[in-house]
Amino acid sequence: MIPAPFDYEVADSPEHALELLSSHGEEAKILAGGQSLLPFMKLRLATPSVLVDIGRLPGLDGVREEGDRIAIGALARHADVAHDDLVKQHCPLLAKAAGEVGDPQVRHMGTVGGSVAHGDPASDIPTVLTCLDAELVVLGSSGERTIPAGEFFHGAFETGLEPDELLTEIRVPKLSDVGWSYLKFHPRAQDWAIVGVAVVVERSNGDVTRAAVSLTNMGQTPLRATAVEQALVGGEDFAAASQFAAEGTNPVSDPFASAEYRRYLAPVLVRRALEEAMPG
């Protein structure tokens, strides 16, 4: 299909992008890599009257160390994050997930920030950021603010971004002495996850002292499987704890899988992810 008619503006700085967003209001949409927005526009699920292209903005695509965190520019491509030495060393969970987004073309064109701002509950990166307790840096006309990943996603394709705000950076903690995994079940490598699971687990003397488990496509937003986390810290083994994976979820039925199937699949993937994160 062909998108509805729209105007096209190219921003030459973050401030210019904010000016364009403010002048056009809620009818404007940010265009970064376009791998999420353009398919929506072709299906007429999104009909913005103006696209503000930020893909050429300098300085928003780098990766750097910032104390105990890694700061990733919102325009960093999935492929860049997947292969970045800092990310692979300090946050391999994010590198792994970025390397499994879509196909090579999508990974080389799509941006991490675009994936996050799109707010698709079937997307990989938002789930991983929720698991990591990442921070999202947002720039608006009133200045900069930081939003915890757990508070950023409000519903399917709904986020905490205001119409005149721009996501500029993602900050993830450095992982040290933890087990981690990201697994997803999908018909083909480039397909959205029917269900995905991100886990981070810490152990001391054989006991789980901290656990973070997040689910992809089990609700309107990325979800933390808090019942699983509590069971693990409470001493339950992986198999027993994983049985709580579907608790508090609200998966949809779609052409790829029924809600019932997703509820059945989630505990299976959680157990496998936990076993991968902490083998033996």
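Values in this document were obtained by computation on a predicted structure and should not be read as measured data.
Note: D124 CG to K96 NZ = 10.5 Å, rounded to the nearest 0.5 Å. In this structure, CD1 in I54 is found 5.0 Å from CG in L166, a value given to the nearest 0.5 Å. Distance check: H108 NE2 to D103 CG gives 10.5 Å after rounding to the nearest 0.5 Å. In this structure, CG on L57 lies 7.0 Å from OG on S13, to the nearest 0.5 angstrom. Rounded to the nearest 0.5 Å, atoms CZ (F238) and CG (L232) are 6.5 Å apart. Between the OG1 atom in T159 and the NE2 atom in H154 there is a gap of 7.0 Å [rounded to 0.5 Å].
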R145 vs E162, side-chain contact (heavy atoms from CB on, under 4.5 Å): CA-CA, chis, key distance, verdict: CA-CA 12 Å; R145 65 189 180 109; E162 297 295 337; 4.1 Å; yes
Derivation of the side-chain contact (heavy atoms from CB on, under 4.5 Å) call for I30 and L167: CA-CA 10 Å; I30 290 289; L167 177 64; over 6 Å; no
Intermediate values then yes/no, side-chain contact (heavy atoms from CB on, under 4.5 Å), T226 and F244: CA-CA 9 Å; T226 55; F244 297 102; over 6 Å; no
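Checked by atom type and distance alone, the side chain of R262 pairs as donor or acceptor with a backbone atom of I194 at under 3.5 Å.
Taking a 6.0 Å sphere around NZ of K174, one finds it holds more than 12 heavy atoms contributed by other residues, nucleotides or ligands. For E260, the CD atom counts as loosely surrounded, since its 6.0 Å shell holds 12 or fewer non-hydrogen atoms of other residues, nucleotides or ligands. Residue K29 qualifies as open at atom NZ: its count of foreign heavy atoms under 6.0 Å is 12 or below. Counting heavy-atom neighbours within 6.0 Å of L43 CG, excluding the residue itself, gives a total above 12. Applying the 6.0 Å contact sphere to CZ of R69 captures more than 12 heavy atoms from other residues, nucleotides or ligands. More than 12 heavy atoms of other residues, nucleotides or ligands lie within 6.0 Å of CZ in F157, so this atom counts as buried by the packing criterion. By the 6.0 Å contact criterion, CD on E26 is open, its count of non-hydrogen atoms from other residues, nucleotides or ligands being 12 or less.
Under a hydrophobic clustering in which Ile, Leu, Val, Met, Phe, Trp and Tyr are joined whenever their side-chain heavy atoms come within less than 4.5 Å, directly or via other members, L269 and L93 fall into different clusters. Linking Ile, Leu, Val, Met, Phe, Trp and Tyr whenever their side-chain heavy atoms come within less than 4.5 Å leaves L18 and V138 in two separate clusters. Residue I125 is not grouped with residue L223 when hydrophobic side chains (ILVMFWY) are merged at heavy-atom distances under 4.5 angstrom, including chains of intermediate members. Note on V137 and I147: separate hydrophobic clusters, where clusters join Ile, Leu, Val, Met, Phe, Trp and Tyr whose side-chain heavy atoms are under 4.5 Å apart, directly or indirectly.
Ion pairing between D133 and R224 holds under the 4.0 Å rule for side-chain N and carboxylate O. Note on R271 versus E275: salt bridge recorded, some NZ/NE/NH1/NH2 to OD/OE distance being below 4.0 Å.
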